[in-house]
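In listed order, ligands and their atoms are each counted from 1. Hydrogens, waters and symmetry mates are skipped; everything else that's a heavy atom, side chains included, is used. Positions are given from 1 along the sequence.
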Amino acid sequence: MNMSTDLLERLTGILGPAAIITGGPDLEPYSVDWRKIFPGKPACVVRPSSTGQVAQIVQVCREAGVAVVPQGGNTGLAGGAVPDASGTQVVLSLTRMAAIREVDPIGMTIEAEAGCILKVAQDAAATAGRLLPISLAAEGSATIGGVVAANAGGVNVLRYGMTRNLVLGLEVVLSDGTIANGLRRLRKDNAGYDWKQLFIGSEGTLGIVTAAVLRLLPRPKYSVTALTSVPDPDAALRLLELAQDDLGDQVSAFELISRTSLQLVEKHAGLKPPIAEGEWFVLIEAASSLAGLREAAETMLGSAFEREIALDGVIAESGAQAAQLWALREHVTESEAREGKSAKHDVSVPLLAIRRFLEEAGQALAAGAPGTRVNAFGHLGDGNIHYNVLVEAGHDAAIINRIVHDVVASYGGSISAEHGIGQYRVGELVRYRSSVEMELVRKLKRALDPEGLLNPGKVLSL
Ligand code: FAD
Ligand code: MLT
Ligand code: ZN
């Protein structure tokens with residue numbers, strides 16, 4: 001521990017000793033990120049149970065000139081939730097603030113505290129006959145605060161948008177310890193600046209999210225899940241077009257999975273795909289409250305086979321089978337981590353450029369980093385490919401990042417579609433965003449966190 005006794009005494013006065021971890025093995029889960037590539041060293045971990053306590057913690061840390069690193073489920077993939085190695089930063093874990101305050105099935109809203117696990121919130125919405133459509137493989141550990149702070153994407157963005165589209169209200173503790181309560185439930189609210197947008201996706205660098213009101217949707221009664229192999233990524237896009245023509249906005253997920261991804265899942269999670277042949281696969285889900293969805297999906301897939309934009313496929317016959325198909329997709333990230341280190345690229349490009357991006361990135365890697373293996377998969381319907389390169393001895397991850405991101409930039413793409421910048425991509429952001437945009441971002445940071453004590457070193461360097 002590397003902090004003054006005075007600050008520790010003040011924090012203990014606010015929280016009591018049981019809610020502060022100052023050393024020993026209990027610090028470990030808060031110190032390093034999910035990928036275990038950013039080992040940090042917290043001065044201590046504080047675990048408040050109320051918004052008032054969060055406000056006081058931020059205030060006393062500010063008075064002591066000590067940085068605060070907010071942390072939810074610590075499932076982020078960009079190293080945003082862990083402290084640096086200085087031993088001076090306080091990790092503020094929100095996980096004890098986990099209450100669901102209200103589910104309103106008529107107003108179609110849920111209000112939850114920041115530390116509420118995403119899956120718990122999804123289940124509460126389902127119990128009320130409603131749908132909270134944010135869905136990602138880490139939903140059993142990720143928190144509402146983390147999802148909001150990261151503006152998480154996931155598998156349902158195609159239909160329901162990013163987290164930002166679902167946030168109606170926020171409660172935020174500002175850098176001076178003031179509580180900004182904007183927990184409104186309104187669908188329409190143009191009364192002045194929509195300030196909550198600044199905090200969504202700010203990765204804990206502008207304020208601490210303590211609670212959120214999220215929009216819910218009607219819970220579809222029927223769903224259909226199919227896995228098909230496709231000749232190539234262009235055919236996958238034609239299949240997306242066909243699915244959207246025939247099933248309309250009922251298409252909720254359209255995920256691209258490469259053969260390498262499925263091989264990793266088979267090797268490390270022991271899950272075997274029901275389709276043996278193919279280089280590229282698509283997992284499609286559609287959902288509706290009206291009957292006839294399955295028939296429409298079967299007709300659509302039949303016509304895809306006729307046109308040879310799908311080669312082989314299965315439609316799940318039950319909820320259990322649908323879960324098995326989803327498990328193939330959901331185990332990709334974990335299986336990749338078990339395989340070893342990877343240089344992750346969470347990129348997006350315009351949909352029509354996806355095939356060319358994949359080809360050019362492959363060629364550029366073959367020339368600049370020969371011998372690399374690519375694990376490509378992702379949210380094809382959003383133009384978001386996780387173009388992850390498995391890093392072997394002798395490979396330089398920074399060179400690999402540069403090679404891939406340069407190709408992304410040549411298509412007007414983004415170097416982070418959904419995972420954020422964290423500490424992983426701070427240098428890359430400066431390279432690919434204009435100086436005018438970066439200065440605008442710095443101005444916002446200076447205005448909201450003048451002392452630079454909220455999650456310093458993440459997203460941007462001042
Ligand atoms: P953390 O990891 O704890 O924090 C994430 C960032 O938010 C950090 O910068 C942290 O400082 C900040 N933060 C956390 N809580 C707060 C708060 N209350 N107030 C202010 N700042 C806060 N992400 C996607 O977008 N789409 C996916 O499909 C996806 N799939 C994933 C699959 C796996 C297997 C894993 C491990 C991760 C995946 N992720 C995905 C990344 C991650 O799950 C999401 O970013 C998630 O939103 C992080 O939530 P968390 O509670 O774990 O946040
Ligand atoms: C996912 O979609 O599973 C994660 O966002 C991707 C990743 O591991 O890169
Ligand atoms: Zn993803």
Out of all atoms in ligand 1, which are within 4.0 Å of some heavy atom of [X]? Include the element for each.
X      : answer
His379 : 28 (O)
Ala152 : 25 (O), 47 (O)
Gly204 : 20 (C), 21 (N)
Gly207 : 20 (C)
Ala114 : 18 (N)
Leu94  : 18 (N)
Thr333 : 34 (C)

Less than 6.0 Å separating the ring centroids of [X] and [Y]?
X      : Y      : answer
His268 : His331 : no
His405 : His345 : yes
Phe377 : Tyr387 : no

Kindly check if the number of other-residue, nucleotide or ligand heavy atoms within 6.0 Å of CG (Leu186) is above 12?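 Yes.
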How far is [atom] from its nearest protein heavy atom, and which residue and atom name does that atom have?
atom                    : result
atom 4 (O) of ligand 1  : Ala81 CB, 3.5 Å
atom 38 (C) of ligand 1 : Leu77 CD1, 3.7 Å
atom 6 (C) of ligand 1  : Glu203 CA, 4.5 Å
atom 11 (O) of ligand 1 : Pro70 O, 2.6 Å
atom 7 (O) of ligand 1  : Ala149 CB, 3.4 Å
atom 42 (C) of ligand 1 : Thr75 OG1, 3.3 Å
atom 18 (N) of ligand 1 : Val209 O, 2.9 Å
atom 2 (O) of ligand 1  : Gly76 N, 2.7 Å

Any idea which heavy atoms bring [X] and [Y] closest together, and the distance?
X      : Y      : value
Gly154 : Asp382 : O-OD2, 4.2 Å
Gly115 : Thr143 : O-CG2, 3.6 Å
Leu94  : Ala114 : CG-CB, 4.0 Å

Passes side chain to side chain contact (heavy atoms under 4.5 Å, CB included), Asp33 versus Tyr424? Steps please. CA-CA 11 Å; Asp33 63 306; Tyr424 189 42; over 6 Å; no
Please state whether [X] comes within less than 4.0 angstrom of ligand 1, counting heavy atoms only.
X      : result
Gln71  : yes
Ser141 : no
Gly422 : no
Asn74  : yes
His419 : yes
Glu330 : no

For the 3.5 Å polar cut-off, considering only N or O atoms, please tell me whether Leu136 and ligand 1 meet it.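 No, no N or O pair falls under 3.5 Å.
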Do Ala138 and ligand 1 have an N or O pair less than 3.5 Å apart?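 No.
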Do any N/O/S atoms of His419 come under 2.8 Å of the Zn ion (ligand 3)?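 No N, O or S atom of His419 is closer than 2.8 Å to the Zn ion (ligand 3), so no.
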Is it true that some N/O/S atom of Glu418, main chain or side chain, lies under 2.8 Å from the Zn ion (ligand 3)?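 Short answer: yes, at least one N, O or S atom is under the cut-off.
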Could you check whether [X] pairs with [Y] (Lys NZ or Arg NE/NH1/NH2 to Asp/Glu carboxylate O, under 4.0 Å)?
X      : Y      : result
Asp84  : Lys458 : no
Glu102 : Arg185 : yes
Arg442 : Glu439 : yes
Lys119 : Glu139 : no
Asp232 : Arg355 : no
Lys196 : Glu171 : no

Between Arg47 and Ile20 (side chain of the first, backbone of the second, donor and acceptor by atom type, cut-off under 3.5 Å), is there such a pair?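 A pair under 3.5 Å: no.
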Of all N, O or S atoms in His386, identify the one at the shortest distance from the Zn ion (ligand 3).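 That would be atom NE2.
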Does the side chain of Leu454 come within less than 4.5 Å of Ile208's, by heavy atoms?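 They are in side-chain contact.
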Exactly one of Glu334, Glu255, Glu285 should register a salt bridge (Lys or Arg N to Asp or Glu O under 4.0 Å) with Arg329. Which one does?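 In the set Glu334, Glu255, Glu285, the residue that makes a salt bridge (Lys or Arg N to Asp or Glu O under 4.0 Å) with Arg329 is Glu255.
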Can you figure out which of Leu454, Thr163, Thr205, Val147 has its heavy atom closest to atom 47 (O) of ligand 1?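 The nearest heavy atom belongs to Val147.
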The test is side chain to side chain contact (heavy atoms under 4.5 Å, CB included); show your working for Val60 and Leu11 and say whether it passes. CA-CA 8 Å; Val60 298; Leu11 290 170; 3.7 Å; yes
With rounding to the nearest 0.5 Å, note down the distance linking CG in Leu227 to CG in Leu262.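 Taking CG in Leu227 and CG in Leu262, the distance rounds to 7.0 Å.
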Region of Asn455 engaging ligand 1 - heavy atom pairs below 4.0 Å: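 For Asn455, only side-chain atoms sit under 4.0 Å from ligand 1.
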Heavy atoms only, cut-off 4.0 Å: how does Lys458 contact ligand 1, side chain, backbone, both, or neither?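 It is neither; nothing of Lys458 touches ligand 1.
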With side-chain hydrogen bond (donor to acceptor under 3.5 Å, both in side chains) as the test, would you mind laying out the steps for Thr88 and Ser86 before giving the verdict? CA-CA 5 Å; Thr88 61; Ser86 66; 2.7 Å; yes
Which protein N or O atoms sit under 3.5 Å from any N or O of ligand 2? Give each pair with its distance.
from	atom 1	to	atom 2	distance (Å)
ligand 2	2 (O)	Arg329	NH2	2.7
ligand 2	2 (O)	His379	NE2	3.1
ligand 2	2 (O)	His386	NE2	3.1
ligand 2	3 (O)	Arg329	NH1	3.0
ligand 2	3 (O)	Arg329	NH2	3.4
ligand 2	3 (O)	Thr333	OG1	3.2
ligand 2	5 (O)	His386	NE2	3.1
ligand 2	5 (O)	Glu418	OE2	3.1
ligand 2	5 (O)	His419	NE2	2.6
ligand 2	8 (O)	Thr333	OG1	2.6
ligand 2	8 (O)	Lys344	NZ	2.8
ligand 2	9 (O)	Lys344	NZ	3.2
ligand 2	9 (O)	Asn388	ND2	3.3

